[in-house]
**Q** 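Sharing a structure with you now.
For the numbers below, each heavy atom of this structure counts, side chains included, while hydrogens, waters and symmetry mates do not. So that the names make sense, note that chain A is the first sequence line, chain B the second, and so on, each numbered from 1.
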Amino acid sequence: MNSDLSQTQSKKVRTRFAPSPTGFLHIGSVRTCLFNFLYAKKMGGDFVLRIEDTDKERSKPEFEEDIKQGLKWLGIIWDEGPDTNGKFGPYRQMDRLDIYEKYARQLLDQSHAYYCFCSEEELEAKKQEMVARGHAPIYDGKCSNISKEEAQQRIAAGEKAVIRFKTQNKVISFTDLIWGKVDFDASLFGDFVIAKDTRSPLYNFAAAVDDYLMEITHIVRGEEHLSNTPRQMMIQSALGFGHPQYAHLPLILGPDKTKLSKRHNAEPVGYYKQKGYLPQALNNFIAFLGWNPGTEREMFSMPELINEFSFERCRKSGSIFNIAKLDWYNGMYIRQTPLDKLTELLIPYYQEKNLIEKISDREFKITATNQTIDFATLSLIVSLYQERLVKLEDIIEATDLFFVELPSYEKDLLLFKDMTYQQVANSIDKCIELLSNAESFQKDYLQTHCLNAIQEANLNRGQILWPLRVALTGKKASAGPFEIAEILGKDLSLKRLNFAKKILG
RNA sequence: GGUCCUAUCGUCUAAUGGUUAGGACACCACCCUUUCACGGUGGUAAUACGGGUUCGACUCCCGUUAGGACCGCCA
């Protein structure tokens, strides 16, 4: 029952990501998908997106759309999928019902499967009883003795039935690329349900059929699927299919070390996008959960991940999703982003908060003041804060001061260390004098001009610069006062200094 | 309860019989500095426990403990 290595190795590698569109794209799915993608590309093969929408109640088109959008945003591009031409389509399982029907009938005809007429209540009662007696809760095979003819008649008479696979009592072995040799005692599975009817396939059956027909060579999925593998292999064998290679990835865990899920506030990928995480950061971070390149290098672009990836360097134990590390990666990638590109990424955040409105490609209107601001000035502002951003959305809180007439802040914020109000008022006066006399508002000039004056007057730098910076920004933390003054301009800077005096009373 | 798996700093991990157990995030200190951030320097911090095997064990074996996954007419 070993996977036929000789055959798969000579074939072109094909992997697949097969999500069910029953929810938004989540981090755990992204990791599975990413590793499928990385391996396929590493091997020069194809990566297939297959939509497993056989759960009619829960599958929704908007979820499929969210999954596709998320993957595109991450740069995980499929070679074949629902909306691409591929010779192995259709790629949505609900469009493949004829295929499943054909194989379901084959299984039924060849007695690898049979109709089961047991009611759910009956099954549940039996299950309870078995568990109570300390047994694995498996189906007792009651309906396996019903003749095909009788089954047909009862179906024709409208009796409700599901299709069960006839499990053989034997050990199923396979060599997992991550787990090594794995053995399962199939007798512990019982006869499991593979379809609700010939046109309503269930996961294990549909996946086994599709993976074969789509010529998938390597199935890369989460560890939670490990025990599905022998079931799918039995179906493959019964249908005369060969077996693909398997690689079961360790799980991504929440802070409580259980499988990452909704109850951990595990947000969908769209959430990270909205917060301003960059796809490079997310990919890099997720790739390093359960895999490492074996070197001390931490930053890897997608092409570099593809180049370095291997199952040999995947570990078997789960890893906790640690957002602090993601934040670090994101800051690193934000700092690496070219300024123009970063500005473009940030503009939607300003628009979203209604701080600016677009006039043309290179010109915007500041909502609060009606003044125009061009792309170059926006870039200048961004340049001041690029190294301070953890996430793109942080730009708003950091730079809203440039998009209002006057900042608002508490009077005491003007106090540097143990200064008195009188001292601060004196400092503000000095700043007004300095900026009024400035021949230029270029930041280098301003800096030299002010710092020299402070030194000549034998003043304390902090006692001048802190109140100046706070008067200009209204914030506890910000970029330096001179670079901010340059952008604000003389009028607005002086206006804010005078406003500070008014606050002081 | 059954089957399977896992166990190195708080977290992500390296070290596949011989290292002062390495790196990264986080944290702390110092430097830079008006603030924040960036950057730089340094620091705290781990082989779950108990037995073996071996000259030598994070590494191999056994047990204990702790954790996890699965056990659907979901995928």
Side-chain angles (χ1 to χ4, degrees), chain A residues 18-23 29 52-55 57-59 93 116 118-120 123-124 127 130-138 160-164 179 182-185 188-190 192-197 200 202-204 206-207 221-228 248 250-251 253 255-259 285 288-299 313 315-329 331-332 335 384-390 394 398 413 416-417 427 451 454 460-470 473 475-482:
Chain A
S20 64
T22 55
S29 309
E52 306 212 329
D53 53 354
T54 53
D55 185 333
E57 282 78 46
R58 296 194 302 146
S59 294
Q93 289 187 326
C116 171
C118 296
S119 72
E120 293 188 51
L123 261 13
E124 184 57 35
K127 186 192 283 185
M130 295 194 81
V131 170
R133 283 188 302 167
H135 288 111
I138 59 172
K160 194 178 177 306
V162 296
I163 301 170
R164 283 186 188 273
W179 285 53
V182 183
D183 300 311
F184 276 98
D185 181 353
L188 263 26
F189 295 147
F192 56 95
V193 181
I194 57 171
K196 294 187 189 184
D197 57 63
S200 302
L202 260 15
Y203 170 67
N204 282 121
R221 68 209 333 187
E223 175 195 313
E224 72 269 25
H225 286 293
L226 197 69
S227 62
N228 282 323
H248 287 90
L251 268 10
L253 313 175
D256 62 353
K257 296 183 190 262
T258 63
K259 188 166 84 169
F285 170 69
F288 271 61
L289 256 22
W291 172 87
N292 75 82
T295 64
E296 288 182 352
R297 186 169 162 202
E298 303 271 337
M299 304 288 287
R313 294 212 65 91
R315 27 168 37 225
K316 249 200 253 184
S317 49
S319 30
I320 296 171
F321 183 90
N322 176 211
I323 197 128
K325 185 90 181 229
L326 207 212
D327 283 346
W328 174 76
Y329 270 118
M332 292 291 278
R335 273 166 254 140
L384 263 34
Y385 288 87
Q386 181 166 19
E387 68 186 25
R388 292 168 167 86
L389 299 179
V390 171
D394 298 342
L413 194 57
F416 179 65
K417 293 187 175 165
S427 290
L451 260 27
I454 289 167
N460 175 298
R461 268 196 188 195
Q463 292 191 357
I464 299 292
L465 297 182
W466 174 276
L468 170 60
R469 196 183 56 74
V470 171
T473 65
K475 290 182 193 294
K476 196 158 73 177
S478 75
F482 306 118

**Q** B:rG23 phosphate, OP1 or OP2: any side-chain N/O from A:T295 under 4.0 angstrom?
**A** no

**Q** Do any N or O atoms of the protein come closer than 3.5 Å to N or O atoms of nucleotides 4-7 of chain B, and which pairs are they?
**A**
{"from": "B:rC5", "atom 1": "O3'", "to": "A:K316", "atom 2": "NZ", "distance (Å)": "3.3"}
{"from": "B:rU6", "atom 1": "OP1", "to": "A:K316", "atom 2": "NZ", "distance (Å)": "2.7"}

**Q** In this structure, how many angstroms lie between the P atom of B:rC12 and the CZ atom of A:R297, rounded?
**A**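 Those two atoms, CZ and P, are 23 Å apart.
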
**Q** Name the closest nucleotide to the A:E298 side chain, picking from B:rG23, B:rA75, B:rC70.
**A**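 The nucleotide sitting nearest to the side chain is B:rG23.
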
**Q** Can you tell me, in whole Å, how much space there is between the P of B:rA45 and that of B:rG22?
**A**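 About 12 Å, rounded to a whole number of Å.
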
**Q** Whether A:S227 contacts B:rA69 is assessed here as follows: a side-chain N or O lying under 4.0 Å from the phosphate OP1 or OP2. Is that the case?
**A**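 No.
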
**Q** When you check the gap from the basic side-chain N to the acidic O, do A:E298 and A:K325 get nearer than 4.0 Å?
**A**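 Yes.
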
**Q** Treating primed atoms plus P, OP1 and OP2 as sugar-phosphate and everything else as base, which nucleotides of nucleotides 61-66 of chain B get B, S or - for protein heavy atoms under 4.0 Å?
**A** ------

**Q** Please measure how far the P atom in B:rU16 lies from the corresponding atom in B:rA7, and state the result in whole Å.
**A**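 Each nucleotide's P atom is 15 Å from the other's.
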
**Q** Does a distance-only test, which skips hydrogens and angles, find a donor-acceptor pair under 3.5 Å between the side chain of A:K325 and the base of B:rA26?
**A**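 Check fails, no donor-acceptor contact within cut-off.
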
**Q** Can you check whether A:N292 has a side-chain N or O nearer than 4.0 Å to OP1 or OP2 of B:rA14?
**A** yes

**Q** Using a 4.0 Å cut-off on protein heavy atoms (strictly under), produce a 5'-to-3' string for nucleotides 33-41 of chain B with B for base contact, S for backbone-only sugar-phosphate contact, and - for none.
**A** -BBBBSS--

